[in-house]
2 protein chains.
Amino acid sequence: MSKGTKELREAGLKVTQPRVTILRFLEQAQQKHLTADDIYRHLNEDGADIGLATIYRVLAQFEAAQLIHKHVFDDGSGRPAQACYELAVDDHHDHMVCVETGEVVEFYDPAIEARQEEIAKAHGYEIVDHALVMYVRKRTQS
Amino acid sequence: MSKGTKELREAGLKVTQPRVTILRFLEQAQQKHLTADDIYRHLNEDGADIGLATIYRVLAQFEAAQLIHKHVFDDGSGRPAQACYELAVDDHHDHMVCVETGEVVEFYDPAIEARQEEIAKAHGYEIVDHALVMYVRKRTQS
DNA sequence: ATTTATGCAAATAGTTTGCACACGT
DNA sequence: ACGTGTGCAAACTATTTGCATAAAT
């Protein structure tokens with residue numbers, strides 16, 4: 001009964017080896033934003049034997065259980081969009097993606113959040129979810 | 001030398017029948033946000049004979065020429081993300097997508113735009129592009 | 001005439017699914 | 001033992017690309 005087990009139980013998911021392994025990996029990963037393939041490769045290099053299909057299935061379940069969030073950054077380069085996942089934490093935040101390095105920076109701005117609520121309300125809607133991504137590049141201090 | 005021809009010339013694109021047809025269609029379409037397949041189906045029902053591959057190629061060129069904008073709404077439903085395109089107009093705006101009806105509402109908020117610039121700058125970046133999408137649902141007036 | 005564009009069909013990439021077997025309770 | 005989860009390989013979807021032909025200048 002190790003770390004992560006409790007979260008799985010609470011999410012109504014059977015505690016299986018792949019699910020525990022994946023959850024643990026997400027928890028102690030140095031990089032917060034990972035693609036399904038990243039996870040697949042890392043785990044199998046570490047001796048685990050988990051199929052890519054399972055990774056996708058587990059990630060989908062984790063997302064449904066709100067344990068993680070899924071992002072689809074349309075990296076602007078036109079290439080096929082790949083999804084990435086990050087462990088859910090209580091503090092919401094948005095993302096800035098550097099178009100040159102691919103680096104991802106998180107940020108949170110109360111003013112923007114508040115305006116969003118107001119705008120949705122003004123149109124007769126309530127927000128279910130939202131995604132704000134800024135594609136940026138390092139400033140040239142000219 | 002009909003409507004749309006000028007834009008194509010200015011974009012450095014040869015004035016071909018498919019390009020003119022597609023641009024015209026986008027200009028007078030009732031719906032502003034269309035997928036490649038939407039365009040393909042509508043045009044071919046109207047007697048045009050344009051391959052889907054050509055639609056994609058032309059849309060990519062239009063996007064590069066800033067004649068249109070491409071959006072990838074991750075409709076939250078988990079399905080494969082399909083891109084949609086809309087004619088570029090000088091006023092920038094963001095989007096609100098109803099998760100129930102799929103309806104797309106556009107909005108623009110100077111306060112949000114301004115904050116974004118400030119945030120990027122504070123992190124040493126400049127904004128290349130950005131995408132703000134709110135997934136919403138009609139408010140239940142309880 | 002020459003270059004670029006197009007249509008078709010085949011290729012690609014990410015993700016999903018069917019099925020037989022293995023695992024968790 | 002029972003039901004769910006997993007691995008593998010095959011299926012799918014949106015999009016891209018190779019190539020021979022057709023247009024545009």
Side-chain angles (χ1 to χ4, degrees), chain A residues 1-2 4-23 25 33-41 43-44 47-65 67-68 70-85, chain B residues 1-2 4-23 33-41 43-44 47-65 68 70-85:
Chain A
M1 189 119 348
S2 43
T5 299
K6 192 182 59 183
E7 288 95 314
L8 291 174
R9 285 246 161 72
E10 286 170 356
L13 294 170
K14 206 180 271 191
V15 179
T16 67
Q17 191 230 300
R19 300 214 258 241
V20 172
T21 307
I22 294 171
L23 185 51
F25 178 66
H33 301 85
L34 299 152
T35 67
D37 204 65
D38 286 340
I39 300 171
Y40 175 69
R41 208 164 20 249
L43 290 185
N44 287 317
D49 179 48
I50 302 178
L52 183 54
T54 299
I55 307 269
Y56 277 109
R57 273 185 290 229
V58 169
L59 288 174
Q61 294 155 351
F62 283 5
E63 199 203 358
L67 287 173
I68 61 175
K70 175 185 182 182
H71 304 292
V72 185
F73 298 140
D74 173 23
D75 66 358
S77 58
R79 308 291 125 261
Q82 225 183 296
C84 71
Y85 303 82
Chain B
M1 189 117 353
S2 43
T5 297
K6 193 182 56 180
E7 289 95 313
L8 290 175
R9 286 246 160 70
E10 287 171 356
L13 293 169
K14 204 182 270 193
V15 180
T16 67
Q17 192 230 305
R19 300 214 257 241
V20 173
T21 307
I22 294 172
L23 184 52
H33 301 84
L34 299 152
T35 67
D37 203 65
D38 285 340
I39 299 171
Y40 175 69
R41 208 165 21 252
L43 290 185
N44 286 319
D49 179 48
I50 302 177
L52 183 53
T54 299
I55 307 269
Y56 277 109
R57 273 185 288 231
V58 170
L59 288 174
Q61 293 154 352
F62 284 5
E63 199 204 356
I68 63 176
K70 176 184 182 182
H71 304 291
V72 185
F73 297 139
D74 173 23
D75 66 359
S77 57
R79 308 290 125 260
Q82 228 183 294
C84 72
Y85 303 82

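These numbers come from the heavy atoms of this one structure, side chains and all, not from hydrogens, waters or symmetry mates. Note on naming: letters A, B, ... go to the chains in the order of the sequence lines (proteins, then strands), and numbering restarts at 1 for each one.
- The main-chain N or O of B/N44 is never found under 3.5 Å from a side-chain atom of B/D49 such that the two would form a donor-acceptor pair.
- Under the side-chain contact (heavy atoms from CB on, under 4.5 Å) criterion, B/A53 pairs with B/R57, not counting sequence neighbours.
- For A/Y40, the ring pair (Phe, Tyr, Trp, His ring centres under 6.0 Å) criterion is met by no residue, not counting sequence neighbours.
- Residue-level contact check: B/A60 touches neither bases nor backbone, having no heavy atom under 4.0 Å from any strand.
- Contact check for A/E63 versus A/L59: no side-chain heavy atoms found under the 4.5 Å cut-off.
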Using a 4.0 Å cut-off on protein heavy atoms (strictly under), produce a 5'-to-3' string for nucleotides 3-10 of chain D with B for base contact, S for backbone-only sugar-phosphate contact, and - for none.
BSSSBBB-

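- Between A/Y56 and the phosphate of C/dT15, there is a side-chain N or O to OP1/OP2 separation shorter than 4.0 Å.
- Note: OH (A/Y85) to P (C/dG14) measures 12 Å, nearest angstrom.
- Rounded to an integer number of Å, the gap from B/F73 CZ to D/dA14 P is 17 Å.
- With sequence neighbours excluded, the residues that form a salt bridge (Lys or Arg N to Asp or Glu O under 4.0 Å) with A/D37 are A/R41.
- Along DNA chain D, the nucleotide nearest B/V15 and the nucleotide nearest B/T35 are compared for position; the residue whose nucleotide lies closer to the 5' end is B/T35.
- No side-chain donor-acceptor contact under 3.5 Å links B/T54 to the backbone of B/I50.
- End-to-end axis angle of the helix from C/dA1-D/dT25 to C/dT25-D/dA1, from C1' rotation axes over five pairs per end: 30° (rounded to 10 degrees).
- In this structure, B/L8 places its CG atom 10 Å from P of D/dT25, rounding to the nearest Å.
- When rounded to the nearest whole Å, the span between CG of B/L59 and P of D/dT17 equals 15 Å.
- Distance check: B/T5 OG1 to B/R19 CZ gives 12.0 Å after rounding to the nearest 0.5 Å.
- B/A60 pairs by the side-chain contact (heavy atoms from CB on, under 4.5 Å) definition with nothing, not counting sequence neighbours.
- One can place CD of B/Q82 at 12 Å from P of D/dT16, the figure rounded to the nearest angstrom.
- Looking at residues two or more places apart in sequence or on another chain, you find a side-chain contact (heavy atoms from CB on, under 4.5 Å) between B/A65 and B/A11, B/L67.
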